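As structure tokens, the structure follows; a few thoughts come after it.
Owing to the predicted nature of the structure, the values given are computational and were not obtained by experimental measurement. Chain naming here is simple, since letters A, B, ... match the order of the sequence lines and numbering starts at 1 in each.
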Number of protein chains: 2
Amino acid sequence: MHLSNTSKYTIRILANMVNHKDTTLISAKELSDNLKIPYKFLTKIMTELVRVGFIESIRGREGGYKFLRPASEITVGDILELFNDSIKDEECILGIDSCNAKQKCALHDKWIKSKIQLQKMFKESTIESIAAEGNKI
Amino acid sequence: MHLSNTSKYTIRILANMVNHKDTTLISAKELSDNLKIPYKFLTKIMTELVRVGFIESIRGREGGYKFLRPASEITVGDILELFNDSIKDEECILGIDSCNAKQKCALHDKWIKSKIQLQKMFKESTIESIAAEGNKI
DNA sequence: TTTAATTACTACCCTAAGGTAGAATTAAAT
DNA sequence: ATTTAATTCTACCTTAGGGTAGTAATTAAA
Ligand code: SF4
Ligand code: SF4
């Protein structure tokens with residue numbers, strides 16, 4: 001009942017990029033130092049974020065990363081989806097083969113309530129809001 | 001954001017044992033057939049459940065399993081704890097190193113709300129209630 | 001006493017996640 | 001041109017979860 005390391009790292013990475021206003025670009029080294037994320041693992045994530053178009057990379061000396069899609073338009077839900085980490089509608093609590101509205105398991109109603117709440121939180125939390133003033137990252 | 005297969009299986013196994021009133025004992029073969037859980041994997045789980053004292057096993061021909069602790073006193077939370085699958089209080093959504101009441105991440109308040117709700121559900125759901133009349137298992 | 005049905009034990013195998021190592025590529029600075 | 005700082009690519013390692021195979025131990029029935 002938790003997010004993968006990759007998802008958690010990504011949320012913090014992107015939020016840190018929002019807060020980095022000094023120059024336009026930020027390097028993998030800086031991010032790794034800021035967030036205490038293993039450098040080699042971070043670069044692997046970065047390459048994936050470039051591939052899917054969340055961010056852009058500039059190679060070579062003085063290179064680094066910057067947003068391609070604005071941070072206000074990237075949600076936590078988007079990130080979870082990218083890393084196959086989101087709560088799927090059909091993926092339910094006891095994973096019973098044939099379950100539907102008529103035949104429920106005992107946990108169904110309560111689980112659905114929490115599930116919707118979490119899905120809403122993920123969908124409504126943008127990277128910009130994560131990075132907002134005063135929040136720990 | 002989901003339970004492990006082992007936890008899901010265990011919940012369904014124990015609930016199925018409650019519903020099995022024919023004789024006192026139920027065998028691994030029956031449980032495996034009833035629930036479509038791989039036989040060998042199921043027996044591995046059963047041995048663990050015996051070890052921790054939820055159930056008792058009778059070996060040899062006509063053997064099988066029965067409850068040691070009553071089903072009304074085993075909760076879903078107990079099972080999740082056994083398989084290291086529960087939502088720990090200190091294990092929070094973004095897993096940031098140093099977080100406390102003063103310095104929160106943006107998701108904190110909403111996450112805490114869902115977390116408490118889920119923990120409550122797990123703690124209050126007994127195997128007996130899971131197995132209650134009309135519930136899918 | 002043998003046989004069949006059962007649990008328990010030991011030892012694997014496979015996959016995905018997390019992580020690491022090293023070299024190749026790029027491009028600015030010197 | 002050379003050096004240096006950066007990203008990217010390829011290939012691997014380790015661990016935990018999920019699952020399988022074979023066999024030993026146990027016990028009631030035949
Ligand atoms: S009854 Fe509901 S909670 Fe239970 S397995 Fe089906 S969909 Fe999931
Ligand atoms: S601020 Fe709250 S939700 Fe965020 S990491 Fe800390 S305890 Fe978890």
Side-chain angles (χ1 to χ4, degrees), chain A residues 1-13 17 20 22-68 79-80 82-86 95, chain B residues 1-13 17 20 23-68 79-80 82-86 91 95:
Chain A
M1 193 57 70
H2 56 270
L3 304 186
S4 68
N5 272 3
T6 308
S7 294
K8 293 186 210 167
Y9 284 163
T10 300
I11 294 167
R12 296 174 59 219
I13 290 165
M17 285 178 63
H20 175 84
D22 304 351
T23 62
T24 43
L25 297 179
I26 185 166
S27 71
K29 172 121 192 0
E30 271 184 282
L31 287 167
S32 166
D33 287 348
N34 290 347
L35 301 167
K36 316 276 183 248
I37 298 173
Y39 175 79
K40 283 289 196 175
F41 192 42
L42 183 137
T43 58
K44 196 186 226 176
I45 294 173
M46 297 313 280
T47 302
E48 175 66 7
L49 298 179
V50 168
R51 199 188 63 74
V52 299
F54 286 178
I55 59 178
E56 185 182 359
S57 69
I58 313 294
R59 294 175 67 158
R61 187 167 177 159
E62 305 287 288
Y65 304 96
K66 68 177 177 191
F67 281 98
L68 201 55
I79 294 164
L80 301 193
L82 174 59
F83 298 114
N84 225 333
D85 213 7
S86 52
Chain B
M1 194 55 70
H2 58 272
L3 304 185
S4 68
N5 271 3
T6 307
S7 294
K8 294 186 209 166
Y9 285 162
T10 300
I11 294 167
R12 296 176 58 219
I13 288 166
M17 285 178 64
H20 174 82
T23 64
T24 42
L25 297 178
I26 185 165
S27 71
K29 170 122 193 2
E30 272 184 279
L31 287 168
S32 166
D33 287 349
N34 289 348
L35 299 168
K36 316 274 183 251
I37 298 173
Y39 176 78
K40 282 290 196 176
F41 192 40
L42 183 137
T43 59
K44 195 186 226 175
I45 293 174
M46 298 314 279
T47 301
E48 175 66 6
L49 297 180
V50 168
R51 198 187 63 75
V52 298
F54 286 177
I55 60 178
E56 185 181 359
S57 69
I58 314 293
R59 294 174 70 159
R61 187 164 178 164
E62 303 287 287
Y65 304 96
K66 69 176 176 192
F67 280 98
L68 200 56
I79 294 165
L80 302 193
L82 175 57
F83 297 114
N84 225 333
D85 213 9
S86 52
E91 183 190 304

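Every salt bridge (Lys or Arg N to Asp or Glu O under 4.0 Å) that B:Arg51 has, sequence neighbours left out, goes to B:Glu48. Checked against side-chain contact (heavy atoms from CB on, under 4.5 Å), B:Thr6 has the following partners two or more places apart in sequence or in another chain: B:Ser4, B:Thr10, B:Phe41, B:Ile45, B:Phe83. With sequence neighbours excluded, the residues forming a side-chain contact (heavy atoms from CB on, under 4.5 Å) with B:Leu68 are B:Glu56, listed by chain and number. In this structure A:Lys44 satisfies the side chain to side chain donor-acceptor pair (under 3.5 Å) test with no other residue, sequence neighbours excluded. For A:Asn34, the side-chain contact (heavy atoms from CB on, under 4.5 Å) partners two or more places apart in sequence, or in a different chain, are A:Asn16, A:Ile26. Residues meeting the side chain to side chain donor-acceptor pair (under 3.5 Å) test with A:Lys66, sequence neighbours left out: none.
Going from atom NZ of A:Lys36 over to atom P of C:dG19 covers 16 Å, rounded to whole Å. Distance, B:Phe41 CZ to C:dC12 C1': 15 Å, rounded to whole Å.
Applying the salt bridge (charged side-chain N to carboxylate O under 4.0 Å, His left out) definition to pairs two or more places apart or across chains, those involving residues 31-41 of chain A are A:Lys29-A:Asp33.
In this model, no side-chain donor or acceptor of A:Lys44 finds a partner on the base of C:dG18 within 3.5 Å.
When the side-chain nitrogen and oxygen atoms of A:Thr6 are compared with OP1 and OP2 of C:dA17, none of them lie within a distance under 4.0 Å.
Between B:Leu42 and B:Tyr9 the shortest side-chain heavy-atom distance does not fall below 4.5 Å.
Using a 4.0 Å heavy-atom cutoff across all strands shown, B:Phe83 reaches no nucleic acid atom at all.
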Give each protein N/O atom lying under 3.5 Å from an N/O atom of nucleotides 6-8 of chain C, with the pair distance.
from, atom 1, to, atom 2, distance (Å)
C:dT7, OP1, B:Ala28, N, 2.8
C:dT7, O3', B:Ser57, OG, 3.4
C:dT7, O2, B:Arg59, NH2, 3.4
C:dA8, OP1, B:Ser57, OG, 2.7
C:dA8, OP2, B:Thr47, OG1, 3.4
C:dA8, OP2, B:Tyr65, OH, 3.4

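The base-pairing partner of D:dA30, taking Watson-Crick or G-U wobble contacts with both distances under 3.5 Å, is C:dT1.
Bounding nucleotides for the chain B contact on DNA chain D, 5' to 3', at a heavy-atom distance below 4.0 Å, are D:dG18 to D:dA29.
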